[in-house]
Each structure stands twice: as structure tokens, then as C-alpha cells.
Amino acid sequence: MGHHSLTPFGRTARTVRTALENNRPRPQAPCPIDKWQILRDLAAGRARFGLSDRDITVLQALLSCHPETRLDASAPLIVHPSNETICARANGMASSTMRRHLAKLVSEGFLLRRDSPNGKRYARRVAGARIAFGFDLSPLLHRAAEIAEAAERCQTEAAELATLRQTVSLLRRDLSALVDLARQDGIDAAALPRLSELAQTVATRLRRKLDLEALAALEHALRDAIDETARLLDLPSTISSNTDARNEQHQQKTNKDLIDLEPAETCERCDAVPAAREKADPAPCAEKTGPSLPPLRLVLRACTEIGIYARGPITDWHGLARAADEIRPMTGISPAVWNEAKGVLGAEQAATVFSAMLQRFSAIRNPGGYLRSLVTRARGGAFSPTRMIMALLPDPA
């Protein structure tokens, strides 16, 4: 058995024959792949492989030493930069830190070491053949499909997490606004401090990084709390989830008799004119199905601009709808789009949406197109004006 000397790095020295064997062509991948796409996919899916952002930075430095943009199994894939070069291309990373991340990439199977007899990294020709000693990038090419799949899964999970986090944030805002409204209405319920504390607690927890399970638990607690607050205010419980499956498309029809009525005292439960409500539907408000309008007092509190442009005080839904009809031509919304909105949403819902748009009118570049997009969503049952109104309320938190 021959004598094996040790390299300065503690590894067994290799012979030239061993080096030539290490540099034999590996099985080809189906096709060359952009090295930067592989890097992007690995960065997106790094959590699946237990890699850190600094591992990715070191790998990026190594890939930058490969002269071609694409990794091709038919071409040499061994890079041999010095430690100083890798550190410089890794934004000045310390050498000890760089070596630790290199070891991580090797142990996870994204790089292979191709060592020279003395442990140095270089390329030379031996017996007419070019051999290189350093880091072999071919595992990246062979694992490209696996890396891409991991990236897609991570991106899907991240999107779900972001969506759920946004939902929790909006529900927390809804709860805060409803608790604030209950206090302004003089409702003295023992549950209000607890509900307010829940909103504050959720706001604090949202400053941290939460997983899907924790966010789902918060969502459930908030929906229950909003339903409880809505009952205190005599509001429909569907106010807590206008994007959820319980909220079917609103099919409210305009009552033509309303146009002949004078402003009257509104119903405490739904802010509709009592006489008109009785003519249109003798069933109590609480028995109606589908998403309900937000309370008129909530709309007027959130949307102050329409009251400024209206000819007189708005005291009922008929007055709000009339004001929207009168102000609409000044906003550039065409009669066709407006009539379509009223046909799909109903006059009251359309006026509520218009009021919300008017409140943020400077931020809407194409009011007609924006309203048409909301109507399209409403046709699919994916829109209700309650969320728009809640978003305009001042945040008490």
C-alpha cells in the first residue's frame, strides 16, 4: 500500500491519477440551465434545505467565478478561486466565516470538493488533458429540478402566510373600529375591555414573525370577537368576514317607493327607512341573508367628503344614493359604468362604494375603471363595501 501524505488542510493528498479520475465527465443533465436562475430558486427555497442567506452569498461568489452564464454538463464545471477571491466577491466576508459556509454547501450536497494532491485549487494540463482542482458546481445542475420545486413550495407557503397575516391585520382593525364605535354609541358592556385588549394583543403579536398555525388561531379569535361586538351593536355577524364563503353576492334591489319618501327616522337595526323596509320586505332585518350594508352612521363617519359635496344633510340611504347620483358626473365615471354598478350592487351599495372612492379620490387614477373592477368582483361574490368602509375609519390602536 502506498504512502499517503497529508495536505496542510488535514486531508489525504491525492495522486495525479486520482485527480484525473475526479475530473472525468459526469452524467449529463437534460439541458444546460442558467446558473443565476438556479441561484434564485435556491435562495427562494433555502429554508427547505436549511441554508442561510450567507450560504447563498458564498455560492453566488463561486458561481461568479464560472465564466459561462449557463451550467452545462458537457463543459468543465469546476471553479478554483482562492479564498481571498471568494471573500472579496462575498462582500468582504471573513475567511473563517466563508470556510464555514463553504463546508455547509458541501455537506448539503450543493458543491463537491475536487482536491489537488497538495490541497491547492488550480487548473493545469496533464498529458494533454485539462484538469482543475477546486469546487465542482455540477450538483447544482443535477439538482436543479429539486431546487425549483422547493422554491415553488416555499413561495406558495409564503404567499399563504402573507395573505393570512393581512387578513388577521384587517380583522384586528375591524375589531378596534367596532369597539370604538360601541363606546361612542354609549354601549356599556362588560365585554368591551376584553375585546379592546384582544385587539391590542394581536397588534403586538403581529410585530413578530408568526407561523400559519399561530395566525390561524388569531384569525379564529378575531372573528369570534368581531361577531360578539357586532351583536352588541345589533349588526349582522357577516361584518367580520366579507371575503369568506358565508358572504354570497349581494342582490339587493332598489325599492322605487323610496324615491317618494321624505327623510325619516331610521331603523336602529339597519339604518333603513322603516316604512320603506316594511313595503319592500316584511321580514325582520336580522333574517335577511347575504352580506349586509355597513351601518349608515359608519359610512358617514368614514366618508366625510360626500357630505361636503351633497346639497343637504344626509340622513338616510335614499339621501346617500341621491348625493352619489348628483356628484358622480364630476368624477368622470360614465353613466354606463354607474348604471352597471347600481344594477349589480344595488343603489345603496353603489352609493357606499362611491362614497369610499370619493374619500380617496386623489389616489384613484381611473375612477371609472376602478369602479368597473369592483363590480366585476362583486359579480363573482368576492366583494362587499364593508371592508372599504372599515379601512377608511381612523385606527384607534
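The first residue in the sequence is number 1, and the count goes up from there.
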Problem set entry | Over 12 foreign heavy atoms within 6.0 Å of CD, Glu152 | no
For this session: Considering non-hydrogen atoms only, spot the tightest contact between Leu141 and Asp72 and give its length.
Result: CD2-C, 4.0 Å
Problem set entry | Polar side-chain atom of Asn339 near backbone of Pro335 as donor-acceptor pair, under 3.5 Å | yes
Problem set entry | Ionic contact status for Arg301 with Asp180, cut-off 4.0 Å | yes
For this session: Would you kindly say whether Ser373 and Thr376 are connected by a side-chain donor-acceptor distance under 3.5 Å?
Result: no
For this session: Report the residues that fulfil salt bridge (charged side-chain N to carboxylate O under 4.0 Å, His left out) with Glu197, sequence neighbours left out, ordered by chain and then residue number.
Result: none
Exercise. Just wondering, are more than 12 heavy atoms of other shown residues or ligands nearer than 6.0 Å to CZ in Arg153?
Worked result: yes
Problem set entry | Pair Thr304-Gln359, side chain to side chain donor-acceptor pair (under 3.5 Å): steps then yes or no | CA-CA 7 Å; Thr304 55; Gln359 194 68 18; 3.2 Å; yes
Exercise. CG/Asp41 to CD1/Ile147 distance, rounded to the nearest 0.5 angstrom?
Worked result: 7.5 Å
Exercise. Taking the six-membered ring of Phe135 as reference, does the NZ or CZ atom of Arg113 fall below 6.0 Å from its centre and within a 45° cone about the axis?
Worked result: no
Exercise. Can you tell which of Leu164, Thr163, Thr156 makes a side-chain contact (heavy atoms from CB on, under 4.5 Å) with Glu160?
Worked result: Thr156
Problem set entry | Contact check, side chains of Ile306 and Met357, non-hydrogen atoms, under 4.5 Å | no
For this session: Starting at CD of Glu228, measure out to CG of Leu178 and round the result to the nearest 0.5 Å.
Result: 12.0 Å
Problem set entry | Closest non-hydrogen atom pair, Pro139 against Leu112 | CG-CG, 3.7 Å
For this session: Please confirm whether the backbone N or O of Leu192 pairs with a side-chain atom of Ser196, one donor and one acceptor, at under 3.5 Å?
Result: no
Exercise. Among all residues two or more places apart in sequence or in another chain, which pass the side-chain hydrogen bond (donor to acceptor under 3.5 Å, both in side chains) test with Asp325?
Worked result: Trp338, Lys342
Problem set entry | Gap separating the CD1 atom of Ile308 from the SG atom of Cys303, nearest 0.5 angstrom | 11.5 Å
Exercise. Considering only heavy atoms from C-beta outward, does the side chain of His101 approach that of Ser52 to under 4.5 Å?
Worked result: yes
For this session: Might you point out which heavy atoms bring Leu198 and Ala221 nearest each other, and give the distance in Å?
Result: CD2-O, 3.9 Å
Exercise. Who are the side-chain contact (heavy atoms from CB on, under 4.5 Å) partners of Ile56, not counting sequence neighbours?
Worked result: Leu39, Leu42, Ala43, Arg46, Leu51
Exercise. Out of curiosity, Phe361 CZ to Glu305 CD, how far, rounded to the nearest 0.5 Å?
Worked result: 11.0 Å
For this session: Write down the atom of Lys104, the atom of Asp55, and the distance for their closest heavy-atom approach.
Result: CG-OD2, 3.6 Å
Exercise. Can you name the residues that form a side-chain contact (heavy atoms from CB on, under 4.5 Å) with Ser169, not counting sequence neighbours?
Worked result: Leu206
Exercise. Residues two or more places apart in sequence or in another chain: which of them pass side-chain contact (heavy atoms from CB on, under 4.5 Å) with Leu161?
Worked result: Leu212, Leu215
For this session: Check whether any side-chain heavy atom of Phe354 lies under 4.5 Å from a side-chain heavy atom of Leu371, and answer yes or no.
Result: no
Problem set entry | Side chain Thr57, main chain Asp53, donor-acceptor under 3.5 Å | yes
Problem set entry | Nearest-0.5 Å distance, NZ of residue Lys35 to CG of residue Leu62 | 10.5 Å
Exercise. Are Arg172 and Ser176 close enough, and set up right, to give a side chain to side chain contact (heavy atoms under 4.5 Å, CB included), and what steps lead you there?
Worked result: CA-CA 6 Å; Arg172 182 207 65 81; Ser176 296; 3.5 Å; yes
For this session: Evaluate the criterion side chain to side chain contact (heavy atoms under 4.5 Å, CB included) for residue pair Ile33 and Arg70; output intermediate values, then yes/no.
Result: CA-CA 5 Å; Ile33 302 177; Arg70 297 159 73 84; over 6 Å; no
Problem set entry | Minimum-distance pair of heavy atoms, taken over all atoms of Val79 and Pro81 | C-CD, 3.4 Å
Exercise. So do Leu181 and Thr229 actually touch side chain to side chain, heavy atoms under 4.5 Å?
Worked result: no
Problem set entry | Donor-acceptor pair between Arg89 and Thr85 side chains, under 3.5 angstrom | no
Exercise. Given the rule that I, L, V, M, F, W and Y join up when any side-chain heavy atoms are under 4.5 Å apart, are Leu195 and Leu170 in one cluster?
Worked result: no
Problem set entry | Arg379 side chain near Glu340 side chain, heavy-atom distance below 4.5 Å | yes
Seminar exercise, completed: Applying side-chain contact (heavy atoms from CB on, under 4.5 Å) to Cys154 and not counting sequence neighbours gives Arg48
Problem set entry | Pair Leu59-Leu105, side chain to side chain contact (heavy atoms under 4.5 Å, CB included): steps then yes or no | CA-CA 8 Å; Leu59 181 59; Leu105 291 167; 3.9 Å; yes
For this session: To the nearest 0.5 Å, tell me how far Leu140 CG sits from Leu63 CG.
Result: 6.0 Å
Exercise. Can any side-chain N or O of Thr97 pair as donor or acceptor with the backbone N or O of Met93 at less than 3.5 Å?
Worked result: no
Exercise. Do side-chain atoms of Arg114 reach the backbone of Ile78 as a donor and acceptor pair under 3.5 angstrom?
Worked result: no
Exercise. More than 12 heavy atoms of other residues, nucleotides or ligands under 6.0 Å from CD of Gln166: is that the case?
Worked result: no
Exercise. So do Val344 and Gln349 actually touch side chain to side chain, heavy atoms under 4.5 Å?
Worked result: no
For this session: Considering non-hydrogen atoms only, spot the tightest contact between Glu326 and Pro329 and give its length.
Result: O-CD, 3.4 Å
